[in-house]
Structures are given as structure tokens and as C-alpha cells.
Colleague: 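There's a structure below that I have some questions on.
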Amino acid sequence: MSKKVFIKTYGCQMNVYDSKRMADVLKPHGYEVADEADGADLVILNTCHIREKAAEKVYSEIGRLRAEKDAKAAEGKNMYIAVAGCVAQAEGPEMMKRAPAIDMVLGPQTYHRLPDMLKSAEEQRTGGRRSARVLDTEFPAEAKFDFLPDDSDFDGPAAFLTVQEGCDKFCTFCVVPYTRGAEFSRPVADVVAEAKRLVAKGVVEITLLGQNVNAYHGDDGDGGSATLGGLIKELDKIDGLGRIRYTTSHPRDMDQELIDAHRDVTSCMPYLHLPVQSGSDGILDAMNRKHTREEYFAIIDRLREARPDLALSSDFIVGFPGETDEDFEATLDLVRRVKYAQAYSFKYSPRPGTPASTSEDQVPEDVKSERLARLQALLNEHQLEFNEASVGKEMDVLLEREGKLPGQLLGRSPYLQAVHVNTRPAGRRHDNALDAGGDKPYTEFMGRLVRVKIVEAGPNSLKGELVSALN
Ligand code: SF4
């Protein structure tokens, strides 16, 4: 009889990818993915350390799960609780002590060992323990990717593919170098093989993932190493792969080969997430970002020269320790100059163990809130302007799922805008859609790239009419 695993994913796209791969690892051991924790034999919380009070949120979730675990135990059944991801990596032993309901704690680099951990947990339970005690947060010598099975299930036409992990930059606010370890890049051949398997299953768009993805330097199979630009050129040769994206990039690693890829590789999407965090040189220095605002502008100029239709997004931290009014004004000035299509902005909050967390120059909360509101108002204004500029244009949209209205499908533009696509041209009464040659049910277009005319724009999405199918 098959067993059920429920995986709750917090945080970034890399955790989404890791959760999927954990399901792949468990599948040969009889585990099917469940949609909810109720009735699951194994619950994995794949945690993220970026947000404030991340660990507290995990503890309260474990409190809820413990009731379920106890109810199952009363019926003579087992339920295992595992905590994975960056909180597990950072606070594993402490979590084991504080929450006895946890059976397993595993870091982002050890989830390929899940079956062994489960076996050990099961043996401990058979030996009479209510909870097992398995902790594996090493940075093992073996690369986990070599131990992951090949057979990820198809999960829509847009997929993530991790090509790089870890970070050597040590920004003073960030835990990633401590939780994910040193930079590691997968060999080109392994990435290409995984991409081909995804495309064979119907994937049309791949987002290459890495904490510092453009620091990629994977073995090229020829005694050297490939840059991310070189990798993108290799992936572009795969028939059926229509779109390539990558995230998250660091300005320092935006090399010429990658900029050239934006000019030369049509499948490389004209949209780039290039976090700057602050527009002030003093704060950039205090953050240890290793570049100035002028260097950032210069990179953007080169990118826009190579690909004039390129749109940008960024992350911002406001109220970093020591940030003055002038520093914050410099951030607003940078935003006005770059004009982002989209951006994420947060108030600085200290992460234990990072250098900035112990700074005595913390900015008061009310000042942070006021600055964040001003920054977000400006970013939202630019985002709306960018979306409104799409109206009347035709663009390619990858349709990913059904919309809320009959005949409507939801997809993404080249710039990652959500697009609600009406597949029934005006004047048609029946449940068919235009397909450049005949009538077909509108769901025919699911998972495909289509040409869409944008007719309306809002702050967070666009509406468009189907023009023709492309693939
Ligand atoms: S480059 Fe990114 S992942 Fe690395 S330390 Fe800085 S913010 Fe964290």
C-alpha cells in the first residue's frame, strides 16, 4: 500500500524545487504526494530563514501537527514529522530539543538521504520511541544532485531547475552563506540532461535557479568551466525549449557573456531580476554588496544596449542599520533612474548570526515603515506604468492554467506579468476558440505559447485576446 507525504514549502523558488525533488527521492520508496497533512504518513516542513520569526512560524505549525500525530498514535498508526530547509540548517539541534514531536531534521544539502533517515526513524519507533531523533545537517562531500532520481512528474509547462547553490558573497544582512554553504555549480551536462527530460515531459519554460545563479561556473566537460551565459547558449539548442529565465543574480557577476546571451539567444527572456538592495554607496558598502550605484547603472546600460526591450526587477531593504534620510533619498533616486517593472521591498530585520544584526545603529521601526511606504508607492507607480505600456501590443504568453471565467486561460508574458487570456474572440457564441485554422476547445491551448493582444492593464496583471498559437 502506498504511503502519503505532505510537503509544506516556505520561501523561495529554490525551496519549491527542493520540495519537488524530495518527493522524487521518496517516490521509489512508496510515497505519494498528498495535498494536506491530514492522513499523511510523513509531513515535511521545508523552511525558509529569510523572513522574520521564521523559526517561530515553524514551531507553531509543529504544534498543530503534533495533535494529528498524537491522534494517529492513539489508533496505533505512525506519522513522522520532518523539518527541512534553511531554518533546519541554522537551528537544527535547538529545534530537536525544543520540539520533541520532530522526528527528523535535515538541511538543504542532505535531502537525498531522506530514505535512510526514514529507515532510521522507523527503527527507532519500532524500538518503542514516540518520536525518532534523526538530525542530518551536514554539508556532505557528495553532491546531492548525483543521488537524485530522474523522474520528476510533469507539473505544468514552466519548471524550475537548480543549477547553482550557495554563496560566497557574505552580504552582512544575509544568512544564505551559512545555511546553504559555499558556491557550488552543477556540471553543464547534468543541467542539459535534466532540461531535456523536462522538455520531453512538456515543459516549455525553464527558470534556472541559484542563490547566486550568475556566479555559475559548472564543469563544461572539456576540462574547463562554463559561465551562465555559456550554459544558456547550450540549453537554447534543446528543441522545444521556448523560454529560459534565471534567478537570482548578483550585479558583480553580470559578465559580458551573459549580457551577450540576452542579445543573441532568443529563448533568453528579456526580463532580469537584479537586486540592488539600496541606492546609497555608503549603505551598499555597509551591506558588503561589493559594487557602487554607478557600477550598477553601468551594468544596466550595457544590458539595455544589448537588449533594448529588457525589463528589470529588484529587491530593496529599507532601514538598514545606519541608513540616513540622504541614503534613503539615494535609493528613491536610483529607482527613478532605473524604473523597475516589478520589485520586492522589505524593512530591514536582523537575522541572528549575521554581522548587521549586532550593529548599534539600528533604524527605528516608525522610520522604516514610513520609508517603506514611500518606496513602495514609487515602485507601484512604475509597475503600473510598465503594465499600461503593454496595452495595444501583441506579446507571447505561455498559458499555464485555467482562468476564473469560461474560455479564459492564465499565463505569463515574457516579463513575467500574469496575463488573463480570453480565447474566445468577440462575436463567437459557442465554447470554441480560435486556433489559426479552426475551432478547438479552449483548453487545447494549455501549456502552449500563444500570441496575445493586450487589451487592459492593472497593477498586478494584464488582460488579452488570443491571436494565434505558436507551438
Ligand atoms: S549575494 Fe545574495 S545570497 Fe549571497 S549573501 Fe548576498 S544576499 Fe545573500
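Ligands are counted one by one from 1 in listed order, and the atoms in each one are counted from 1 as well.
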Colleague: What are the atoms of ligand 1, with element, lying closer than 4.0 Å to any heavy atom of Phe173?
Modeller: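 Result: 7 (S).
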Colleague: Taking 2.8 Å as the upper limit, name the protein N, O or S atoms near atom 4 (Fe) of ligand 1.
Modeller: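 The answer is Cys167 SG.
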Colleague: Side chains of residues 90-101: which donor-acceptor pairs under 3.5 Å do they make with residues two or more places apart or in other chains?
Modeller:
from  : atom 1 : to    : atom 2 : distance (Å)
Glu91 : OE2    : His49 : NE2    : 3.4
Arg98 : NH1    : Glu56 : OE2    : 3.4
Arg98 : NH2    : Glu56 : OE1    : 3.1

Colleague: Just say parallel, tilted or perpendicular for the rings of Tyr415 and Phe386, cut-offs at 30° and 60°.
Modeller: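 Rings of Tyr415 and Phe386: perpendicular, over 60°.
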Colleague: With sequence neighbours excluded, tell me which residues meet side chain to side chain contact (heavy atoms under 4.5 Å, CB included) with Pro187.
Modeller: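 Asp190, Asp219.
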Colleague: Got a sec, which pairs hit side chain to side chain donor-acceptor pair (under 3.5 Å) with one end in residues 297-308, sequence neighbours left out?
Modeller: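 Non-adjacent pairs meeting side chain to side chain donor-acceptor pair (under 3.5 Å): Gln256-Arg302, Arg307-Asp309.
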Colleague: Under the criterion salt bridge (Lys or Arg N to Asp or Glu O under 4.0 Å), which of Asp366, Asp327, Asp325 is the partner of Arg371?
Modeller: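 Exactly one candidate clears the test, Asp325.
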Colleague: Please state whether Arg180 comes within less than 4.0 angstrom of ligand 1, counting heavy atoms only.
Modeller: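 No, Arg180 has no heavy atom closer than 4.0 Å to ligand 1.
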Colleague: Salt bridge or not for Asp333 and Arg293, using N-O below 4.0 Å?
Modeller: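 The answer is yes: the pair qualifies as a salt bridge.
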Colleague: Asp103 and salt bridge (Lys or Arg N to Asp or Glu O under 4.0 Å): which single residue from Arg66, Lys69, Arg133 fits?
Modeller: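 It is Lys69; the other options fail the test.
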